[in-house]
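Report on the structure given below.
Letters go in sequence order (proteins before strands), and every chain restarts at 1. No hydrogens, no waters, no symmetry mates; every other heavy atom, side chains included, goes into these values. What you see is a predicted model, and the numbers here were worked out from it, not measured in a lab.
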Amino acid sequence: MQVALTFDTPGVIAVVMTGCHVLKSTPRVPLRLNFTAASELRACQQLLPRLTRNVMSKRNLASPSTPSRKKSKGSSDQHSLHRYFDASAKRESTASPSKSKAKQKAHTIPTAAGVQLQNDHIDITADDALYAWKLAEKDGLDLDTLRKLENANSRGAQVPRPATVEVIDVDLEDEITPAAATSTTEIAGPSTPTLRPATRSIPGSPSVSPQAAQTYSALHVHPAHYDLESGTWPTGSPAPYSFLAHTLATVSGTRSRITILNTLTNALRTITMHHPPSLLPALYLLSNSLSPPYSPIELGLGPSIVSKAIQNISGLTSAALKRLYTSTGDAGDVAFEAKSNVRTLIPHPPLLIIGVYGSLLKIAHAKGQGATKQKQSIVEQLLVAAKGEEIRFLVRTLSQNLRVGAVRTSILTALARAMVLTPPPGLSVPIPSDSPFCVSPEIMLRAKATTTNAKKKHGDRPEDTLNEFFDKAEGLVKKVYVQHPNYDHIATALLEAGLDGLAVRLPLTVGIPLLPTLGSPTRSLDEIYSRLELLPFSAEFKYDGQRAQIHASRDDNSQVYVKLFSRHLEDMTDKYPDVVALVTDMCKSRAGSFIIDAEIVAIDPNSGSLKSFQDLANRARKDVKLDDVKISVCVYAFDIMYLDEQILLERPFRERRALLRSRFPPVIPEQKGAARFDHVQSCESEEGREAIEEFWQTAVNSSCEGLMIKLLDNGEVLEDSEKGKSRRKPLPATYEPDKRTSAWLKLKKDYVTGLGDSLDLVPIGAWHGNGRKAQWWSPVLLAVWESETGKLVGVCKCMSGFSDVFYKNMKERYPENSETCSRQPLWSPAVETGGLRPEVYFKPQEVWEIRGADITMSPVSVAALGLVSQTRGLSLRFPRFIKIREDKGLEQASTPEFLANMYRIQQATGKDRTGADDGDLVDVDLEDAERMDSEASTG
DNA sequence: GTTGCCTGCCC
DNA sequence: ATTCTGC
DNA sequence: GCAGAATGGGCAGGCAAC
């Protein structure tokens with residue numbers, strides 16, 4: 001049990017027994033207390049006054065009376081907890097006094113509540129477990145691996161039982177059945193958990209050092225100097241989560257790539273060495289994911305629940321937490337600070353990497369009524385169990401924002417290096433004698449010697465030898481991952497067969513998406529010609545739709561199997577039954593299998609003309625039946641990566657495209673509204689620059705985003721080296737998964753000066769930034785100027801395009817609580833913000849040039865309300881700051897009419913979507929827009 | 001049964 | 001998606 | 001030039017609150 005002492009309201013000391021899991025905000029929910037000995041309770045109660053004094057003298061977090069603020073509506077700062085603390089502050093302040101009295105009373109009679117344990121306990125029944133397995137199976141997870149994990153989990157978790165208090169341990173839940181839950185009321189025998197801090201308290205004694213935790217050896221050292229044996233945990237035991245927290249803390253403490261990679265490498269080596277089954281969950285936790293991207297497992301939990309959980313386990317008021325949040329800009333830091341006020345009487349058994357991962361899975365699998373409560377409950381149990389640094393990273397993980405300076409690439413690099421240095425114990429396939437990844441002891445010794453000496457001799461750099469091994473391994477692991485992005489399969493393969501067995505085991509596979517090639521942004525045709533010089537290229541329409549990777553294969557029974565993946569590899573097969581039907585038909589006329597890259601675009605079912613991205617976004621996503629499809633689409637194919645057992649990634653684009661064109665002719669099904677198949681419209685550089693420029697104009701006028709320029713053949717381009725010399729550098733025209741290569745250049749109309757929608761807007765408010773922008777205003781709320789009334793009306797938020805220097809200056813021009821920046825609007829007659837409610841208001845005094853790609857009909861903005869729609873305002877897609885318009889005053893800022901007109905022009909252009917030049921600019925008047933509105937809502 | 005908060009995922 | 005920053 | 005972080009508008013879907 002843990003006891004938190006907090007100052008809930010001035011003059012009142014609330015006592016929260018967090019270890020017993022008091023659900024502070026929901027008094028109706030029974031307290032989860034389960035005292036096994038009355039003396040234990042008495043001991044605790046006797047301690048309370050003393051602990052109260054300790055905390056009071058140490059730190060005063062008493063909050064002033066909570067001002068009741070309006071709950072923000074519709075403003076969704078994705079990674080921000082501000083609004084939720086705000087929202088809770090309101091709820092708290094409006095809560096009836098009797099309620100809070102009842103709350104405190106309840107805390108003092110835990111025995112009564114203890115009886116109700118069963119009501120609030122999350123039952124993990126055998127059926128649930130079975131269901132989870134079925135889900136996992138359906139999701140394509142590797143069941144064996146998961147099962148192994150679960151077993152390892154149970155085995156490890158049994159060791160660190162609390163001595164005298166029954167705690168529902170998140171690590172144990174997997175094995176808790178209703179029967180088990182009731183039987184554990186017996187007092188377990190004393191045990192010596194493997195990771196019990198040295199300062200472990202005798203049960204009931206006044207330990208007030210909850211942060212005492214295992215100390216691990218430094219991880220940031222060069223791997224050659226890292227000692228795998230000391231300062232860890234016993235070999236064979238599951239890796240503790242505190243080790244991962246230590247790793248993350250080390251990584252987040254530096255910006256040096258070298259240090260980050262050293263740290264991750266050493267951490268993964270340690271885990272591999274001491275407990276291989278912990279490797280996979282460690283990889284998932286490091287990468288802040290739960291499953292392969294194409295599996296539908298999601299946490300389904302965000303800042304809202306996390307903030308409530310932090311409140312509950314810390315007992316701090318939302319106002320106090322909000323202050324913490326404003327100063328740190330990180331939910332994890334808030335939780336860390338908040339929990340530093342929680343006094344732990346009896347240490348909780350250590351969290352394990354496997355256990356934490358398991359809890360996350362459990363959160364993800366909570367579905368249906370009561371799911372939110374279940375999720376929150378699991379979160380709170382995790383937070384209660386977390387010690388020291390653990391809570392910081394636990395909360396960041398739960399907020400889906402780990403932010404330690406290492407994501408996928410670093411993790412893969414580190415994994416590769418770890419496998420070079422520390423091949424997994426117990427490989428079922430021995431390392432071949434000629435393994436290219438086997439580092440000899442001599443090389444290790446030399447690497448060690450070289451990295452010790454600061455001075456390196458030129459010409460004789462033996463550490464390069466080790467680096468060569470690293471390079472080879474990194475290349476392999478990254479290549480395998482981008483073609484087969486599944487940590488589960490990778491970890492399993494590595495643990496069984498090492499680096500040597502990886503590539504064979506995990507080939508490019510139909511049914512498993514590969515990471516797509518990406519385009520580099522360019523600002524003009526000039527830039528494109530200077531980057532590609534005279535190399536032949538193809539210019540393709542860049543349609544405003546959704547990227548789709550289409551997988552199809554046919555088995556021996558002529559059963560066709562089709563999968564569609566999004567740009568981020570989500571499985572969206574269910575969203576496009578019409579495309580599945582189309583592809584199935586295409587398959588029937590041919591044998592074999594293929595993977596095609598394409599853009600799905602909404603079209604008019606009659607004319608086939610292109611429709612907007614927003615039209616496409618209106619499609620349903622889940623369990624869509626063929627008959628339910630209301631928005632017709634065309635699949636515009638532009639690449640092929642796999643055809644009839646042939647991997648085409650290494651072939652030049654010209655060749656791939658020829659295959660695509662010859663083997664997959666366009667399809668327009670008889671049935672109206674059925675999905676169509678076509679090739680992207682394109683133009684060759686051989687046709688000359690004038691033709692390309694004309695093609696570009698056509699693309700822009702056809703409501704495409706612009707052009708994709710693709711190198712046709714492998715070539716070489718000039719590269720500026722540092723010394724002013726130029727070298728020839730190869731530029732391959734191969735399919736490069738996950739690369740933003742120069743061989744694919746995107747030219748969007750909104751990149752080109754003068755073509756994008758540029759507005760002159762007034763900054764009228766802002767929010768506190770997060771993370772590295774915690775000390776600045778970000779994002780900023782921007783407004784149009786309503787000239788007749790003098791009102792300012794919010795259009796959109798903006799956070800992109802500001803340099804750090806600009807942020808600093810902005811903060812100086814708008815210091816918090818000043819004449820230019822206040823919690824209250826600083827303008828008369830009024831600022832209207834609609835659903836965009838900033839944390840602070842600026843004094844309107846500047847005009848900024850803001851660029852965007854499109855004007856959108858907005859559900860939250862009230863700018864230009866009534867001009868094109870009675871119910872919706874206008875906003876801006878992809879807004880970014882260009883510069884301050886020093887030459888403009890407020891009166892010269894863009895008006896709602898200007899914005900509305902821009903929207904009308906855009907819509908008119910949209911009616912000419914085939915590229916045919918009928919130039920019939922239709923003025924979208926009010927009635928027109930309203931009709932479209934109602935059609936959209938009823939249709 | 002309806003509304004609205006919250007999340008995930010498209011761009 | 002867009003953009004900026006440190007390595 | 002890469003890798004990472006901090007965030008934009010806006011949709012559907014799922015759940016909770018009314």
Taking atom [atom2] of [N] as reference, at what distance in whole Å does atom [atom1] of [X] sit?
X: A:D615; N: D:dC11; atom1: CG; atom2: P; value: 10 Å
X: A:L564; N: B:dC10; atom1: CG; atom2: C1'; value: 15 Å
X: A:Q775; N: D:dT7; atom1: CD; atom2: C1'; value: 17 Å
X: A:E736; N: D:dC2; atom1: CD; atom2: P; value: 11 Å
X: A:N288; N: D:dA6; atom1: CG; atom2: P; value: 12 Å
X: A:Y807; N: D:dA6; atom1: OH; atom2: C1'; value: 7 Å
X: A:Y903; N: D:dG9; atom1: OH; atom2: P; value: 17 Å
X: A:E474; N: D:dA3; atom1: CD; atom2: C1'; value: 14 Å

What residues form a salt bridge (Lys or Arg N to Asp or Glu O under 4.0 Å) with A:K479, not counting sequence neighbours? none
What pairs with A:R408 under salt bridge (Lys or Arg N to Asp or Glu O under 4.0 Å), at least two apart in sequence or on another chain? A:D738
[N] phosphate, OP1 or OP2: any side-chain N/O from [X] under 4.0 angstrom?
X: A:S858; N: D:dG10; result: yes
X: A:Q614; N: D:dC11; result: yes
X: A:N770; N: D:dT7; result: yes
X: A:T409; N: D:dG4; result: yes
X: A:N401; N: D:dA5; result: no

Are A:Q546 and A:Y576 linked by a side-chain donor-acceptor pair shorter than 3.5 Å? yes
Using a heavy-atom cut-off of under 4.0 Å over every strand shown, decide if [X] touches base, sugar-phosphate, or nothing.
X: A:A406; result: sugar-phosphate
X: A:V780; result: nothing
X: A:L876; result: sugar-phosphate
X: A:L301; result: sugar-phosphate

Take atom C1' in D:dT7 and the same atom in B:dC9, then report the distance between them in whole Å. 15 Å
Please tell me which of the listed nucleotides, [options], lies nearest to the side chain of [X]?
X: A:P859; options: B:dC10, B:dC6, D:dC11; value: D:dC11
X: A:T856; options: D:dG10, B:dG8, B:dC10; value: D:dG10
X: A:S778; options: B:dC10, D:dG9, D:dT7; value: D:dT7
X: A:R403; options: D:dA6, B:dC6, D:dG8; value: D:dA6

For A:S742, give me all partners under side-chain hydrogen bond (donor to acceptor under 3.5 Å, both in side chains), at least two apart in sequence or on another chain.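 Result, side-chain hydrogen bond (donor to acceptor under 3.5 Å, both in side chains) vs A:S742: A:R531.
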Could you list the residues that satisfy side-chain hydrogen bond (donor to acceptor under 3.5 Å, both in side chains) with A:W776, not counting sequence neighbours?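 If we apply the side-chain hydrogen bond (donor to acceptor under 3.5 Å, both in side chains) test to A:W776, skipping adjacent residues, there are no hits.
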Within the 4.0 Å limit for protein heavy atoms, which parts of nucleotides 1-6 of chain C are touched? Write it as a string from 5' to 3', B for base, S for sugar-phosphate only, - for none. SBSSSS
Under a 4.0 Å heavy-atom criterion, the protein footprint on nucleotides 13-18 of chain D, written with B, S and -, is SSSS--
For a side-chain contact (heavy atoms from CB on, under 4.5 Å) check, start with the C-alpha distance between A:F842 and A:M810, then their side-chain angles and the critical distance, and finish with the verdict. CA-CA 11 Å; A:F842 288 174; A:M810 200 202 313; 4.2 Å; yes
Within the supplied structure, the quantity of interest is the number of heavy atoms (other residues, nucleotides, ligands) at a distance under 6.0 Å from A:L626 CG; does it exceed 12?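 Yes, enclosed.
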Got more than 12 heavy atoms from elsewhere within 6.0 Å of NZ, A:K478?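 Yes.
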Could you label the plane-to-plane angle of the A:H82 and A:H768 rings as parallel, tilted or perpendicular, counting under 30° as parallel and over 60° as perpendicular?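 Judged by the thresholds at 30° and 60°, the geometry between A:H82 and A:H768 is tilted.
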Tell me which one of A:K542, A:R523, A:R851, A:R880 satisfies salt bridge (Lys or Arg N to Asp or Glu O under 4.0 Å) with A:D750. A:R880
Mapping A:G769 and A:K478 to their closest nucleotides on DNA chain D, which lands nearer the 5' end?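 By nearest-heavy-atom nucleotide position, the 5'-most residue is A:K478.
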Given side chains that start at C-beta, do those of A:V780 and A:Y814 come closer than 4.5 Å, heavy atoms only? no
